[in-house]
Amino acid sequence: MPSALPIADPAPADGLITPVSDAGAVPFGVYVHVPFCRVRCGYCDFNTYTASELRGVRRDDYAGHAVREIEWAAQVLDRSGVPRRPVSTVFFGGGTPTMLPASDLVMILRAIDDTWGILPGAEVTTEANPDSVDASSLEVLRAGGFNRVSYGMQSAVPQVLATLDRTHDPSRVPLVVDLAKQQGLDVSLDLIYSTPGETLDDWRTSLDAALACEPDHVSAYSLIVEDGTAMGRMVARGELPAPDDDLAADMYELADRVLGDAGYSWYEVSNWARGEQHASRHNLSYWKGHDWWGVGPGAHSAVAGTRWWNVKHPAAYANRVLQDESPAAGRETLDDETRYVERVLLAARVRGELATTELRQEARGRVAGLIARGLVDGSAAVRGRIELTLQGRLLADAVVRELLD
């Protein structure tokens with residue numbers, strides 16, 4: 001089942017916030033969470049629901065509920081004294097957003113544009129499974145304002161997909177990538193490595209298959225076995241082997257080498273793109289600490305120094321928005337210390353994003369040691385930027401801890 005929400009302060013019914021940062025000084029994005037999936041994958045603890053798990057609300061009504069929250073959100077920000085900003089990125093995630101009709105996704109996007117305005121050239125992405133789109137739906141999405149699609153490929157090896165409980169046919173991935181390109185959409189492929197039982201040869205097969213599709217962007221994430229998931233229980237019972245950290249490191253190094261040889265450059269620890277223009281601007285907005293409003297059940301938001309998250313179940317969410325009440329379950333105000341920690345934690349993962357001048361004096365004194373150990377690039381540091389080496393990316397958490405201690 002989905003993971004629990006954080007414990008924090010209760011959110012007021014009116015949703016009003018007190019800005020504690022320079023509201024309006026950073027870009028503004030919108031995330032739309034669509035919490036529906038055809039099946040629940042055994043490794044997943046995201047806030048998603050299959051048809052059998054959905055009670056008290058209809059999936060067909062979801063787009064209308066999301067539009068209600070968008071319209072209400074603008075009023076809340078106005079009353080809170082947060083200047084309206086046009087939207088620079090929109091991301092539909094899930095779940096599987098394309099479980100909804102393409103026309104529903106376009107309706108939600110149109111509400112975002114009508115409410116805040118979408119900047120010319122803004123990045124507008126939807127996630128999709130390879131078996132959840134066709135030529136017709138992609139055409140509707142493109143005509144409706146989407147310009148990017150991120151496919152959950154995960155693997156090209158049938159037995160690895162079976163372990164992940166992924167149901168799509170891997171041979172369909174090249175087809176849907178081509179269909180998206182025909183519509184002029186940027187294409188990203190999401191891959192998962194270190195699945196129980198996956199070999200280095202399996203992983204190479206998946207990398208080669210992904211590159212054969214010539215996507216604009218590739219994300220590669222090491223599998224984390226979460227407590228409370230079906231896979232977590234199978235690993236605990238010894239029915240599946242736990243992921244091997246050394247093998248995972250070998251897989252990451254292979255991915256970086258293969259993708260680099262094919263012309264993809266890393267810009268964040270788990271992300272590679274064919275040129276800066278194809279980097280995920282929406283995800284970069286999270287790592288850079290921009291503002292965003294999260295729409296939908298369980299969605300998280302961060303605006304002007306306040307962070308909050310919505311109630312998780314679609315029925316509870318619908319009840320709130322239909323009564324013009326905040327769908328938020330909890331919130332927190334970020335103090336200076338938290339903002340500093342999160343800035344270092346997130347920006348260090350992005351190539352050249354963190355300036356050495358942003359670090360506290362004692363942390364700056366540790367940079368030379370990180371360079372000597374081969375974890376931070378020395379030439380980038382001379383230019384005043386923190387850039388992780390390949391070894392540093394493998395040990396990114398340790399580097400961040402050292403910069404924060």
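A donor-acceptor pair is defined here as one N or O able to donate and one able to accept, closer than 3.5 Å; no such pair exists between the side chain of R274 and the backbone of A262. Between the side chain of E342 and the backbone N or O of T338, no donor-acceptor pair lies under 3.5 Å. Of the possible polar contacts, one joining the Y264 side chain to the P215 backbone as a donor-acceptor pair under 3.5 Å is found. In terms of modelled atom types and a separation under 3.5 Å, the side chain of W309 and the main chain of G298 share no donor-acceptor contact. E387 places no side-chain N or O within 3.5 Å of a backbone atom of A380 that could act as its donor or acceptor partner. Between the side chain of T199 and the backbone N or O of D202 there is at least one donor-acceptor pair closer than 3.5 Å. Judged purely by atom type and a 3.5 angstrom limit, N310 has no side-chain atom pairing as donor or acceptor with the backbone of P297. For the pair R331 (side chain) and D9 (backbone), a donor-acceptor distance under 3.5 Å is absent. T229 places a side-chain N or O within donor-acceptor distance of the main-chain N or O of E226, the cut-off being under 3.5 Å. No side-chain donor-acceptor contact under 3.5 Å links N147 to the backbone of L185.
Here the closest heavy-atom approach between residue H65 and residue Y317 is recorded as O-OH, 3.6 Å. Nearest heavy-atom pair across R68 and V321 is NH2-O, 3.5 Å. R385 and A355 get closest at one heavy-atom pair: NH1-CB, 3.3 Å. Shown here for N271 and S219, the closest heavy-atom pair between the two residues is OD1-OG, 2.5 Å. Nearest heavy-atom pair, G232 versus V225, reported as atom, atom and distance to 0.1 Å: CA-CG1, 3.5 Å. Contact record, V140 with A102: CG1-CB, 3.7 Å, taken as the closest heavy-atom pair.
For the side-chain contact (heavy atoms from CB on, under 4.5 Å) with L109, the lone residue among I118, V32, D114 that qualifies is I118. The only member of D131, T96, T50, N129 that meets side-chain contact (heavy atoms from CB on, under 4.5 Å) when paired with R38 is D131.
Of the inter-residue distances, the one linking C37 atom SG with D165 atom CG reads 12.0 Å to the nearest 0.5 angstrom. Distance check: L375 CG to E402 CD gives 8.0 Å after rounding to the nearest 0.5 Å. Note: D246 CG to S194 OG = 10.5 Å, rounded to the nearest 0.5 Å. Expressed to the nearest 0.5 Å, how far CG of L100 lies from CE of M107 amounts to 9.0 Å. Here the OG1-CZ distance, from T333 to R307, works out to 10.0 Å after rounding to the nearest 0.5 Å. One distance of note links CG of D377 with CD1 of I371; it measures 8.0 Å at 0.5 Å rounding.
Counted within 6.0 Å of CG on D336, heavy atoms from surrounding residues, nucleotides or ligands total 12 or fewer; the atom is thus considered open. Shown here is Q277, whose CD atom has more than 12 heavy atoms of other residues, nucleotides or ligands within 6.0 Å. Counting heavy-atom neighbours within 6.0 Å of E139 CD, excluding the residue itself, gives a total of 12 or less.
Judged as a side chain to side chain contact (heavy atoms under 4.5 Å, CB included), and not counting sequence neighbours, the contacts of L359 are Y340, V344, L354, A363, R364, V367, I386, L403. Judged as a salt bridge (Lys or Arg N to Asp or Glu O under 4.0 Å), and not counting sequence neighbours, the contacts of R204 are D208.
Between D216 and R148, none of the side-chain N atoms (NZ, or NE/NH1/NH2) sits under 4.0 Å from a carboxylate O, so this pair counts as no salt bridge. Under a 4.0 Å N-O distance rule, the pair R343/E353 qualifies as a salt bridge. The residues E358 and R339 are annotated as not salt-bridged, no charged nitrogen and carboxylate oxygen being separated by less than 4.0 angstrom.
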- [ ] Applying ring-ring contact (aromatic ring centres under 6.0 Å, His included), run through H313 and Y49 and close with a yes or a no.
- [x] CA-CA 9 Å; H313 197 277; Y49 301 84; 5.0 Å; yes

- [ ] Verify side chain to side chain contact (heavy atoms under 4.5 Å, CB included) between R85 and V26, making sure each step is shown before the conclusion.
- [x] CA-CA 9 Å; R85 288 159 284 173; V26 297; 3.8 Å; yes

Task: salt bridge (Lys or Arg N to Asp or Glu O under 4.0 Å) between R58 and D61, intermediate numbers included - done: CA-CA 6 Å; R58 298 191 320 146; D61 295 331; 3.2 Å; yes

Open item on the list: Go through it in stages, so that I can follow the logic: the residues are L179 and V133, the test is side chain to side chain contact (heavy atoms under 4.5 Å, CB included), and I'd like the CA-CA distance, side-chain angles, deciding distance and then a yes or no.
Closed with: CA-CA 9 Å; L179 291 176; V133 294; over 6 Å; no

- [ ] Would you please test T89 and H282 for side chain to side chain donor-acceptor pair (under 3.5 Å) and show each step?
- [x] CA-CA 5 Å; T89 64; H282 187 83; 2.8 Å; yes

- [ ] Start with the C-alpha distance between Q154 and L191, add both sets of side-chain angles, then the distance that settles side chain to side chain contact (heavy atoms under 4.5 Å, CB included), and finish with yes or no.
- [x] CA-CA 4 Å; Q154 317 310 5; L191 299 173; 5.5 Å; no

- [ ] Step by step, work out the side chain to side chain contact (heavy atoms under 4.5 Å, CB included) result for V235 and E239.
- [x] CA-CA 6 Å; V235 169; E239 297 169 13; over 6 Å; no

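For the pair D134/S137, a side-chain contact is recorded, criterion being any heavy-atom separation below 4.5 Å from C-beta on. Annotation: side chain of P130 is in contact with side chain of V176 (closest heavy-atom distance under 4.5 Å). Side chains of P196 and L223 form a contact here, defined as non-hydrogen atoms less than 4.5 Å apart. W287 has its side chain within reach of E268: a pair of non-hydrogen atoms, C-beta onward, lies under 4.5 Å apart. In this structure the side chain of V76 reaches within 4.5 angstrom of the side chain of S80, judged on heavy atoms. At least one side-chain heavy atom of Y267 sits under 4.5 Å from a side-chain heavy atom of S280. A 4.5 Å side-chain heavy-atom check between L240 and T163 finds at least one atom pair inside the cut-off. A heavy-atom distance below 4.5 Å is not found between the side chains of L404 and R401.
With 3.5 Å as the limit, one finds no donor-acceptor pair spanning the side chains of Q323 and N319. For the 3.5 Å distance criterion, the side chains of H217 and D186 fail to qualify, holding no donor opposite an acceptor.
With ring centers used as reference points, Y286 lies under 6.0 Å from W292. F146 has its ring centre less than 6.0 Å from the ring centre of F92.
Seen from the ring of W266, R393 counts as a face-on cation partner, given the 6.0 Å and 45° thresholds.
Under the 30°/60° scheme for interplanar angles, the aromatic rings of Y252 and W272 are found to be tilted. Ring geometry for W293 versus W72: interplanar angle over 60°, hence perpendicular rather than tilted (30 to 60°).
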